[in-house]
**Student:** 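This is the structure, below, for whatever I ask next.
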Amino acid sequence: MYRDGMIWAAMNDAGENFGILPGKANRHGMIAGATGTGKTITLKVLAESFSDMGVPVFLADVKGDLAGMIAPGKDSEDMQRRIAKFGLAEAGFTYHGYPTTFWDIYGKNGIQLRTTVSEMGPLLLARILRLNELQSNILSIVFKIADDNELLLVDIKDLKAILNYVRANSKTFTEQYGKMSPVSIDAILRSVVALEIDGGDVFFGEPALNVHDWFTVGEGGRGMINILDSESLINNGRLYSTFLLWLLSELFETLPEVGDLSKPKMVFFFDEAHLLFDDAPKLLLEKIEQVVKLIRSKGVGVYFITQNPRDIPDGVIAQLSNRIQHGLRAYTPSEQRAVKAAAESFRVNPAFNTYEAILGLGTGEAVISFLQEDGTPMMAEKVSILPPQSRMGSITEEERSMKIRESLLYGKYAEATDPDSAFEFLERKGLEEAAAAAAAAQKAAEEKAAAAEAAAAEKEAAKQAAQAEAAKRRAAKNVGSSVAGTVGREVGKSVGGMFGKFGKTLGGNLGASLGRGILNTFFSK
């Protein structure tokens with residue numbers, strides 16, 4: 001409940017009320033505890049209180065039991081006992097629902113929540129794809145190539161298109177971007193296809209989420225509670241955690257600096273927070289720590305929900321100033337050390353042993369420490385958490401469907417669009433290159449055919465000229481032979497007259513032969 005200028009969350013056995021000061025709520029927080037100790041109820045109580053204060057909230061519904069926030073809670077004997085214990089009736093406690101918007105990256109149990117490949121970026125995408133360091137570096141280079149060529153990466157087919165393009169033209173990019181092994185690109189492509197099968201073709205696309213749509217209020221000025229349905233998403237822990245980190249990063253990059261406000265602009269609850277840090281590379285851990293550290297200046301409070309504080313790295317947990325520690329169980333030396341570490345993170349209260357208190361907490365009980373007005377943490381207090389005002393548990397499919405469709409944002413995000421992006425550009429480029437190659441091939445064929453035809457014509461002309469020359473020589477030779485024979489006989493007769501009987505023979509065959517030989521020699525020149 002929001003009461004007396006405080007997010008009232010708990011009460012100790014002495015009847016003292018404890019809660020988070022609105023001006024300190026963006027200093028982040030943590031809700032920790034073993035399974036079944038009451039973390040979800042605590043989350044609901046805080047989310048309701050922020051909404052009552054007019055602050056929008058985002059949270060992930062991992063088990064489906066947060067959806068009941070749309071409806072008023074139901075009275076029972078147990079609730080009456082708790083109302084009496086906390087004096088809630090005098091404080092104005094009533095059962096009521098809260099303005100709620102359901103979201104789902106698969107588009108089944110909420111408004112379709114999308115982002116683009118470009119907005120996700122290579123660092124987070126590499127984690128979703130489970131790439132090794134070399135493959136992650138290549139993916140970053142591929143994003144750089146896309147940026148340098150003004151290629152928008154919207155959906156999975158854009159990502160596959162640019163990967164195939166880079167692989168086909170790897171030699172072209174080597175000098176400027178470095179060598180990229182086709183084998184490594186093929187490995188990235190296989191991971192992309194696996195992501196596509198896992199639903200990547202649905203949540204990568206347009207229209208992408210505009211985070212400013214979360215900053216709305218509902219009836220009575222209560223802040224909108226945005227619930228991401230995560231019952232299916234949690235089965236892929238890496239996708240779940242990386243997607244929530246992207247949402248947090250989007251808030252960080254989109255919102256302006258506002259400094260310290262009287263109350264947060266928004267509060268972000270990160271359930272199953274240990275998934276965010278499991279197997280996270282050093283570069284990603286540094287990014288998470290940076291975002292958590294700096295986003296408070298944007299007016300956003302981040303609250304991590306996990307089983308054990310040791311699930312959260314020291315650099316991040318040091319930023320979490322508002323802490324609610326539910327019970328922990330310690331059966332092994334390692335678990336006992338974890339409880340001791342959790343106890344030592346609280347400011348000592350001489351009234352009780354924090355370590356023993358954490359081990360003995362029952363359901364709905366917690367050890368808490370919130371920031372005080374002067375910015376210092378209060379001493380640890382053992383308290384009981386207030387009950388929620390909305391329904392505990394899930395809702396029917398009919399209730400969910402009606403709530404989804406009555407949202408003003410449903411029409412904005414319901415239908416996917418396919419803008420002109422990398423896939424279309426590279427497809428046109430491929431068609432243009434293919435057409436240019438075909439035209440060049442046709443021109444080369446035509447030039448080759450023309451050259452062959454000219455060569456054939458030249459050869460035929462040369463052949464005809466040779467035949468004409470040969471005919472000319474034969475004709476000349478025939479004429480020469482006839483004349484030579486006649487002249488030879490006449491000469492032979494003259495000679496024969498001079499030498500008697502021998503001259504007849506010379507004037508016949510021998511004279512003709514000698515005459516033809518002489519003239520043949522002449523005409524062959």
Side-chain angles (χ1 to χ4, degrees), residues 1-34 37-47 49-50 53 86 260 263-264 267-271 273 292-293 296 301-328 330 337-386:
M1 292 181 64
Y2 180 57
R3 182 187 180 195
D4 299 330
M6 177 180 67
I7 301 165
W8 183 24
M11 177 187 289
N12 65 10
D13 291 340
E16 295 178 287
N17 297 329
F18 297 92
I20 301 172
L21 297 175
K24 305 299 181 183
N26 66 335
R27 299 300 178 92
H28 313 317
M30 176 189 69
I31 304 171
T37 56
K39 296 191 300 296
T40 301
I41 295 300
T42 301
L43 187 158
K44 288 189 66 167
V45 170
L46 292 183
S49 301
F50 282 118
M53 197 168 58
F86 292 106
D260 290 326
K263 64 180 182 180
V267 174
F268 190 104
F269 288 94
F270 206 130
D271 202 0
V292 172
K293 184 177 181 179
R296 71 178 183 85
V302 183
Y303 288 72
F304 293 91
I305 299 92
T306 189
Q307 290 198 13
N308 198 305
R310 66 179 178 179
D311 296 333
I312 303 175
D314 292 342
V316 175
I317 205 168
Q319 309 297 323
L320 311 183
S321 301
N322 300 297
R323 301 187 182 188
I324 301 176
Q325 178 65 64
H326 287 278
L328 292 173
R337 287 193 295 271
V339 175
K340 184 178 180 181
E344 291 176 346
S345 68
F346 287 90
R347 183 179 171 187
V348 175
N349 187 335
F352 65 92
N353 183 304
T354 307
Y355 174 81
E356 295 294 338
I358 293 174
L359 288 175
L361 291 172
T363 301
E365 296 179 335
V367 172
I368 63 169
S369 177
F370 302 137
L371 282 187
Q372 301 178 108
E373 192 66 52
D374 62 359
T376 61
M378 58 178 273
M379 288 191 300
E381 285 289 344
K382 181 181 176 182
V383 300
S384 295
I385 303 297
L386 270 63

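Note that this is a predicted model, so its numbers are computed, not measured. Quick note: residue numbers are just sequence positions, from 1.
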**Student:** What pairs of residues pass the salt bridge (Lys or Arg N to Asp or Glu O under 4.0 Å) test when at least one of them lies in residues 6-31, not counting sequence neighbours?
**Tutor:** Arg27-Asp260
**Student:** Suppose we screen for ring pair (Phe, Tyr, Trp, His ring centres under 6.0 Å). Which residues come up paired with Phe269, at least two apart in sequence or across chains?
**Tutor:** Tyr303
**Student:** Residues two or more places apart in sequence or in another chain: which of them pass salt bridge (Lys or Arg N to Asp or Glu O under 4.0 Å) with Arg310?
**Tutor:** none
**Student:** Do Pro309 and Gln325 have side chains that approach each other closer than 4.5 Å (heavy atoms only, starting at C-beta)?
**Tutor:** yes
**Student:** Taking side chain to side chain donor-acceptor pair (under 3.5 Å) as the definition, give me every residue that meets it alongside Asn308, ordered by chain and number, with sequence neighbours left out.
**Tutor:** none
**Student:** Using the side-chain contact (heavy atoms from CB on, under 4.5 Å) definition, which of the options Ile385, Thr37, Ile305 pairs with Thr42?
**Tutor:** Ile385
**Student:** Please output the side-chain donor-acceptor pairs of residues 350-363 that fall under 3.5 Å, not counting sequence neighbours, one pair per line with the distance.
**Tutor:**
unit_1	atom_1	unit_2	atom_2	d
Asn353	OD1	Tyr355	N	2.9
Asn353	OD1	Glu356	N	3.0
Thr363	OG1	Gly36	O	3.2

**Student:** Less than 4.5 Å apart, any side-chain heavy atom of Trp8 and any of Val45?
**Tutor:** no
**Student:** Keeping the roles fixed (side chain from Asn26, backbone from Arg296), state whether a donor-acceptor pair exists under 3.5 Å.
**Tutor:** yes
**Student:** Using the test side chain to side chain donor-acceptor pair (under 3.5 Å), find all partners of Glu365 that sit at least two apart in sequence or belong to another chain.
**Tutor:** none
**Student:** Could you pull out all residues at least two apart from His28 that satisfy side chain to side chain donor-acceptor pair (under 3.5 Å)?
**Tutor:** none
**Student:** On a heavy-atom basis, which atom in Ala10 and which in Ile368 lie closest, and how many Å separate them?
**Tutor:** CB-CD1, 4.4 Å
**Student:** Could you tell me which non-hydrogen atom of Leu21 sits nearest to which non-hydrogen atom of Leu371, and how far apart they are?
**Tutor:** CD1-O, 3.9 Å
**Student:** State, yes or no, whether a side-chain contact exists between Lys382 and Asn12 at a heavy-atom distance under 4.5 Å.
**Tutor:** no
**Student:** Using side-chain heavy atoms (C-beta onward) and a distance below 4.5 Å, is Met30 in contact with Ile324?
**Tutor:** no
**Student:** Not counting sequence neighbours, list each pair that qualifies as a salt bridge (Lys or Arg N to Asp or Glu O under 4.0 Å) and has a residue in residues 311-328.
**Tutor:** none
**Student:** Report the residues that fulfil side-chain contact (heavy atoms from CB on, under 4.5 Å) with Met53, sequence neighbours left out, ordered by chain and then residue number.
**Tutor:** Tyr2, Ile7, Pro22, Phe50, Val55, Lys263, Pro264
**Student:** Start with the C-alpha gap between Phe18 and Met6, add the side-chain angles, then the distance that decides, and say whether side-chain contact (heavy atoms from CB on, under 4.5 Å) holds.
**Tutor:** CA-CA 8 Å; Phe18 297 92; Met6 177 180 67; 5.8 Å; no
**Student:** Kindly write out the residues that satisfy side chain to side chain donor-acceptor pair (under 3.5 Å) with Thr40, not counting sequence neighbours, or none if the list is empty.
**Tutor:** Lys63
**Student:** Under a 4.5 Å cut-off applied to non-hydrogen side-chain atoms, are Phe304 and Val292 in contact?
**Tutor:** yes
**Student:** Under 4.5 Å between any side-chain heavy atoms of Val302 and Val267, yes or no?
**Tutor:** no
**Student:** Check whether any side-chain heavy atom of Ser384 lies under 4.5 Å from a side-chain heavy atom of Phe86, and answer yes or no.
**Tutor:** yes
